[in-house]
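Input: a single structure, listed below in structure tokens.
Fair warning: this is a prediction, and the values are worked out from it, not measured in the lab.
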Amino acid sequence: MIVVKVVDEFNLSEGPVIDVRSPGEYDADHIPGALNVPLLSNEHRHHVGVVYKMEGQEAAIALGHKLVDPLREQILENLAGQVTTNVIRVYCARGGLRSQLMSKFFSENGYKVTMLYGGYKSYRQHAISTYQKFENIVILSGHTGSGKTEILKELAVLGEQVLDLEALAEHRG
């Protein structure tokens, strides 16, 4: 039985997140902690894109299947080599064809799959909208010994939200 759950956002603590985009897309940016199990190589993705522009979606999908079908076992081995659970989260660029196909494929092969609706694009929009909610951000900087840490400690005592990057870095440059 194929079970793929589609959600608007991931709970990142509920299992590994699998990015099925090409390695180049993954390298450009990805959800923090996501593992790359690409459906298409960079070269294959480019070739499918050219066919899509020149011949249309149907021809591009047919080419994609022709390129990917011989690699099914390799894709499963890649996934199994990176995860220790059968519960996974899957996304592609826009939550479209690639993540749908891979979610179905992984589900057919014993994985419990949750797919991110809207893909990486929706994750990015969510992150941007979250950061835009922050108001009154103040960056405190200065030379070593200028009293930054004392100021941050006092702000925390006063109930202000403080992020001490030097402390997080254990005072290493």
Check: [Y] and [X] side chains under 4.5 Å, non-hydrogen atoms:
X      : Y     : answer
Tyr111 : Leu79 : yes
Val87  : Arg89 : yes
Ile18  : Val83 : yes

Looking at [X] and [Y], would you say the former's side chain and the latter's main chain have a donor-acceptor pair under 3.5 Å?
X      : Y      : answer
Tyr26  : Ala34  : yes
Ser103 : Val113 : no
Tyr91  : Tyr123 : no
Asp19  : Asn36  : no
Lys148 : Leu140 : no

Do [X] and [Y] sit in the same hydrophobic cluster, where Ile, Leu, Val, Met, Phe, Trp and Tyr count as joined when their side-chain heavy atoms come under 4.5 Å apart?
X     : Y     : result
Tyr52 : Leu67 : no
Ile75 : Val48 : yes
Val37 : Leu76 : yes
Val90 : Leu71 : yes
Leu39 : Ile61 : no

Once you round to the nearest 0.5 Å, how far does [atom1] of [X] lie from [atom2] of [Y]?
X      : Y      : atom1 : atom2 : value
Asn86  : Ser107 : CG    : OG    : 10.0 Å
Ile128 : Gln125 : CD1   : CD    : 5.0 Å
Asn109 : Glu73  : CG    : CD    : 7.0 Å
Arg98  : Glu25  : CZ    : CD    : 4.0 Å
Phe106 : Ser99  : CZ    : OG    : 10.5 Å
Ile151 : Glu154 : CD1   : CD    : 10.0 Å

Derivation of the side-chain contact (heavy atoms from CB on, under 4.5 Å) call for Leu116 and Ile31: CA-CA 11 Å; Leu116 178 59; Ile31 294 175; 4.1 Å; yes
message: Between Asp69 and Arg72 (salt bridge meaning N to carboxylate O under 4.0 Å), is one present in this structure?
response: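 Between Arg72 and Asp69 there is a salt bridge, with a charged N closer than 4.0 Å to a carboxylate O.
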- prompt: Do the side-chain N and O atoms of Gln82 and Asn78 include a donor-acceptor pair separated by under 3.5 angstrom?
  reply: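 Yes, because at least one side-chain N or O of Gln82 sits under 3.5 Å from a partner of the opposite role on Asn78.
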- request: Can you establish whether the number of heavy atoms outside His44 located under 6.0 Å from its atom NE2 is more than 12?
  value: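 Buried by this count: over 12 neighbours within 6.0 Å.
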task: Before giving the answer on side-chain contact (heavy atoms from CB on, under 4.5 Å), spell out for His30 and Arg21 the whole-Å C-alpha distance, their side-chain angles and the decisive distance to 0.1 Å.
output: CA-CA 9 Å; His30 56 271; Arg21 299 175 303 152; 3.7 Å; yes
So, for [X] and [Y], which heavy atoms are closest and what is the spacing to 0.1 Å?
X     : Y     : value
Cys92 : Val20 : CB-CG2, 3.8 Å
Pro23 : Pro38 : CD-CB, 3.8 Å
Leu35 : Pro16 : CD1-CB, 4.2 Å

